[in-house]
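Report on the structure given below.
Positions are given from 1 along the sequence.
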Amino acid sequence: VLALTAFICIETIMECSPCEGLYFFEFVSCSALVVTGALLLLFSLNLHTRIPQINWNLTDLVNTGLSTFFFFIASVVLAALNHKTGAEIAAVVFGFLAMAVYAVNTFLAVRKWRVNRQQSSRQTDYIRARTESREVVHRPEIQRLDA
């Protein structure tokens, strides 16, 4: 929602002299909105369970981490190059707010990724131990003694 609000604010600006900062902010806010919206749709409809080959926790972590980084850069650049219009100031404020929300989400995604990574390593060790203990060498001389 904050990325959408920042994008709407930046789109209301009618004129700019050095427009590079404005275009970069527009690109970052639009890209974050589209990618996060697509991931939100995938997770909401449980479509991510149909593609188990993709590590979705890592995908979410990369998305939120990159969005945090690029919102920070775009907001700083726009804050440095703005013309003190209301729309530019609002876009900068919403850009920093979006960056903060993405940063919190990145922190939560890192925690979730670490927990899942530890659980998968424990399961792998357990499965290895079971399969190794089940391996039996068939030796006919031992079987004859038991009979």
Kindly compute the distance separating [atom1] ([X]) from [atom2] ([Y]), expressed to the nearest 0.5 Å.
| X | Y | atom1 | atom2 | result |
| --- | --- | --- | --- | --- |
| L41 | H48 | CG | NE2 | 12.0 Å |
| F70 | S75 | CZ | OG | 13.0 Å |
| L58 | K112 | CG | NZ | 12.5 Å |

[X] versus [Y], closest heavy-atom pair with distance:
| X | Y | value |
| --- | --- | --- |
| A32 | S67 | CB-OG, 4.0 Å |
| A91 | L78 | CB-CD2, 4.0 Å |
| A87 | C9 | CB-O, 3.7 Å |

Can you tell me if [X] uses its side chain to pair, donor with acceptor, with the backbone of [Y] under 3.5 Å?
| X | Y | result |
| --- | --- | --- |
| T36 | L33 | no |
| T49 | N46 | yes |
| T68 | Y102 | yes |
| W56 | L39 | no |
| T106 | T64 | yes |

Hphob cluster co-occupancy, [X] + [Y], side-chain heavy atoms under 4.5 angstrom:
| X | Y | value |
| --- | --- | --- |
| L22 | F72 | yes |
| V76 | F94 | no |
| I10 | V28 | yes |
| F69 | F25 | yes |
| F71 | L2 | no |

Would you say that more than 12 heavy atoms from the other residues, nucleotides or ligands in this model lie under 6.0 Å from the OH of Y23, or not?
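Atom OH in Y23 is not crowded, with 12 or fewer foreign heavy atoms closer than 6.0 Å.
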Heavy-atom side-chain contact between V115 and R111 under 4.5 Å:
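No, side chains not in contact.
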Should V1 and T5 count as side-chain neighbours, where that means a heavy-atom distance under 4.5 Å?
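Counting from C-beta outward, V1 and T5 do come under 4.5 Å.
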Go through V62 and L66 one step at a time and tell me if the side-chain contact (heavy atoms from CB on, under 4.5 Å) criterion holds.
CA-CA 6 Å; V62 168; L66 287 176; 3.8 Å; yes
Member of I54, N55, D60 meeting the side-chain contact (heavy atoms from CB on, under 4.5 Å) criterion with N57:
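Among I54, N55, D60, the one meeting side-chain contact (heavy atoms from CB on, under 4.5 Å) with N57 is N55.
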